[in-house]
Amino acid sequence: MKRISVPRVHCILSAADDLSLLPALVEAGVDGFQVRAKDLDGRALTALTERVVRDVRPGGAVVIVNDRLDVALAAGADGVHLGATDLDVAAARRVAPDLLIGATCRSRADVEAAAGGGADYAGFGPVGASTSKAGLPDPLGVAAVTAAAGVLPLVAIGGIEPRTAADVVAAGAHGVAVIGAVWRQPDPVSAAKELVAAIG
Ligand SMILES: Cc1ncc(COP(=O)(O)OP(=O)(O)O)c(N)n1
Ligand SMILES: Cc1ncsc1CCOP(=O)(O)O
Ligand SMILES: [Mg+2]
């Protein structure tokens with residue numbers, strides 16, 4: 001049995017963000033934080049994750065590490081998010097039976113494969129255009145969310161802002177994952193409140 005449920009608002013962060021805002025973001029209703037710091041080595045990523053856990057767990061939010069199962073386990077995080085070039089979901093599940101495991105998916109077939117491997121949720125996207133990551137495929141659009149829904153909880157990602165957050169949830173998504181809609185806003189905490197309100 002899994003310890004925790006899948007968050008609805010995943011705020012993806014790196015060491016470059018204003019981490020002093022983390023407790024206020026939890027207070028605003030952000031229930032998940034994904035530590036995504038491609039430039040950090042294992043030690044630095046572990047230290048960053050431990051800091052995030054310290055800051056957000058008292059408020060009940062969940063911490064997920066991008067890419068690195070080893071770091072998620074070492075830092076006492078709640079979960080790991082795995083992409084196409086990371087550890088296979090089934091292998092990760094064997095090593096970590098109780099960890100929340102998310103998998104990047106771009107189609108219903110991907111979601112079915114992730115579910116078969118033991119994933120808890122699918123990071124589904126890019127739903128919209130994103131400036132936060134280079135080399136992404138064309139946006140899938142909101143209709144793709146509906147087509148992929150019903151297998152695993154879908155966490156929509158890619159250019160999500162409050163209006164599109166409401167749209168993807170109406171289309172069948174469980175929640176959203178964002179970078180720019182929080183961190184590139186003049187007031188990240190107010191922006192997070194808007195996002196939380198938008199998904200209901
Ligand atoms: C919730 C969520 N969904 C998808 C992704 C993308 O993960 P990945 O494909 O591994 O790409 P990187 O984020 O590692 O560049 C995500 N991080 N979170
Ligand atoms: C990592 C990732 N994978 C698909 S879109 C994306 C970036 C999401 O960032 P933003 O919310 O700013 O579009
Ligand atoms: Mg990844």
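First listed ligand is number 1; within each ligand, the first listed atom is number 1. Values reported hereafter were calculated over all heavy atoms of this structure, with side chains retained and with hydrogens, waters and symmetry mates removed. From a predicted model like this one, the values you see are computed outputs, not experimental measurements.
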Counting only pairs under 3.5 Å, give me each side-chain donor-acceptor contact of residues 141-165, with atom names and distances, residues two or more places apart or in other chains.
{"residue": "Thr146", "atom": "OG1", "partner": "Ala171", "partner atom": "O", "Å": "3.0"}
{"residue": "Glu161", "atom": "OE2", "partner": "Arg163", "partner atom": "NH2", "Å": "3.4"}
{"residue": "Thr164", "atom": "OG1", "partner": "Glu161", "partner atom": "N", "Å": "2.8"}
{"residue": "Thr164", "atom": "OG1", "partner": "Glu161", "partner atom": "O", "Å": "3.0"}

Salt-bridge contact Arg43-Asp41 (side-chain N to carboxylate O under 4.0 Å): no

Those protein residues which place at least one heavy atom below 4.0 Å from ligand 1: Gln34, Arg36, Lys38, Asn66, Asp67, His81, Gly83, Asp86, Thr104, Gly123, Lys133, Ile157, Ala177

Pair Arg54 + Glu50: basic N to acidic O under 4.0 Å: no

Donor-acceptor side-chain pairing of Thr49 and Arg68 below 3.5 angstrom: no

Note, Arg36 side chain near Ile179 side chain (heavy atom, < 4.5 Å): yes

Cationic N near anionic O, under 4.0 Å, Asp98 to Arg93: no

Amino acids in close contact with ligand 2, where any non-hydrogen atom sits under 4.0 angstrom away: Arg36, Ser130, Ser132, Lys133, Leu136, Ile157, Gly158, Gly159, Val178, Ile179, Gly180, Arg184

Nearest to the Mg ion (ligand 3) - the N/O/S atom of Asp67, by atom name: OD1

Student check: side-chain heavy atoms of Arg184 and Ser132 closer than 4.5 Å: yes

Sidechain N-carboxylate O distance under 4.0 Å for Lys38, Asp67: yes

Joint cluster assignment, Ile12 & Val189, ILVMFWY side-chain distance < 4.5 Å: yes

Which atom pairs, one a donor and one an acceptor, fall under 3.5 Å between side chains of residues 21-32 and the rest of the protein, sequence neighbours left out?
{"residue": "Asp31", "atom": "OD1", "partner": "Arg8", "partner atom": "N", "Å": "3.0"}
{"residue": "Asp31", "atom": "OD1", "partner": "Val9", "partner atom": "N", "Å": "2.8"}
{"residue": "Asp31", "atom": "OD2", "partner": "Arg8", "partner atom": "N", "Å": "2.9"}

